[in-house]
Amino acid sequence: MRHRKKIIALGRKVGHRKLMLSNIACSLIEHKSINTTTTKAKALQRFIEPIITKSKSDTIHNRRLAFKLLRNKRSVTELFNEVSTKVGDRPGGYTRIIKLGNRLGDNAEMAMIELIDYNDLYKAEKQSKTARTRRSRRSGRSLISSDLVEPSKQLPSAKEETSE
């Protein structure tokens, strides 16, 4: 039984799991979006969300805590300079997991994990939805009925042209 076991073990020992999660987190900070298995994406989400929250207040102590977990100086610098300014007003939920289907080789469930504020497609889609206004069905019907042409003014059909 797995009672009170909150860590997703990923079938690895503690040292391997910590290093793997820190490497994946550094890749996510660098590329803003990565493809991985669904289980690793869920484990990464629980790993990186508190680090991003700490990066919102730029102090030496928070930088050292982030470096202790990430173990990459460039990633910590990018996290505190770029990512924290972009997510500064967001109260949480900095990552999004999108399921992609199964991998061809071993049929593993794949997912894309991304930093939310760096995806421009969702922002453009959201803005276009708010700009639209609703139209009633009645106005659409009246336009269709007024566009109808009287039968006497219709063009001759293709059969009549070929018979002449």
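- Within a 6.0 Å radius of CZ in Arg12, other residues, nucleotides and ligands contribute more than 12 heavy atoms.
- When hydrophobic clusters are built by joining Ile, Leu, Val, Met, Phe, Trp and Tyr residues whose side-chain heavy atoms come closer than 4.5 Å, directly or via intermediates, Ile97 is not grouped with Met110.
- Hydrophobic clustering (side-chain heavy atoms under 4.5 Å, transitive across Ile, Leu, Val, Met, Phe, Trp, Tyr) groups Met20 together with Phe67.
- No side-chain heavy atom of Leu115 sits under 4.5 Å from any side-chain heavy atom of Val87.
- Closest non-hydrogen pair, Ala66 versus Ile51, comes out as CB-CG2, 4.1 Å.
- With rounding to the nearest 0.5 angstrom, the NZ atom of Lys54 is 10.5 Å from the OG1 atom of Thr59.
- The local environment of NZ in Lys68 is sparse, with at most 12 non-hydrogen atoms from other residues, nucleotides or ligands closer than 6.0 Å.
- Checking side-chain atoms of Asn107 against main-chain N and O of Asn102 turns up no donor-acceptor pair under 3.5 Å.
- In the hydrophobic clustering of this structure, Leu69 groups with Ile48; members are Ile, Leu, Val, Met, Phe, Trp, Tyr whose side-chain heavy atoms approach within less than 4.5 Å, directly or through other members.
- Closest approach of Leu79 to Ser55, counting heavy atoms only: CG-CB, 3.7 Å.
- Of all the heavy atoms in Thr77 and Arg63, the pair that sits closest is CA-NH1, 4.2 Å.
- Hydrophobic clustering (side-chain heavy atoms under 4.5 Å, transitive across Ile, Leu, Val, Met, Phe, Trp, Tyr) groups Leu28 together with Tyr118.
- Results of the side-chain contact (heavy atoms from CB on, under 4.5 Å) test with Cys26 over Leu21, Val76, Asn72 single out Asn72 as the only residue that passes.
- Note: Lys32 NZ to Glu82 CD = 5.0 Å, rounded to the nearest 0.5 Å.
- Between Tyr94 and Asp117, the closest side-chain pair of non-hydrogen atoms is not below 4.5 Å.
- In this structure, CD1 in Ile113 is found 10.5 Å from OG1 in Thr38, a value given to the nearest 0.5 Å.
- Heavy-atom contacts from other residues, nucleotides or ligands closer than 6.0 Å to CD of Glu109 number 12 or fewer.
- To the nearest 0.5 angstrom, Ser84 atom OG is 10.5 Å from Glu78 atom CD.
- Summarising the geometry, atom OG belonging to Ser27 is positioned 5.5 Å from atom CD1 belonging to Ile34; distances are rounded to the nearest 0.5 Å.
- Pairing each heavy atom of Leu70 with each of Ala25, the nearest pair is CD2-CB, 3.7 Å.
- Connection of Ile116 to Ile29 is not established within any shared hydrophobic cluster, with ILVMFWY side chains joined at heavy-atom distances below 4.5 Å, either directly or through further cluster members.
- Between His16 and Leu10 there is no side-chain heavy-atom pair separated by less than 4.5 Å.
- Without hydrogens or angle criteria, Glu49 side chain to Thr95 main chain gives a donor-acceptor distance under 3.5 Å.
- Side-chain atoms of Glu30 and Ser75 include no donor-acceptor pair closer than 3.5 Å.
- Here the shortest heavy-atom pairing between Phe80 and Asp58 reads CD2-OD1, 3.4 Å.
- Within 6.0 Å of the NZ atom in Lys42, the count of heavy atoms belonging to other residues, nucleotides or ligands does not exceed 12.
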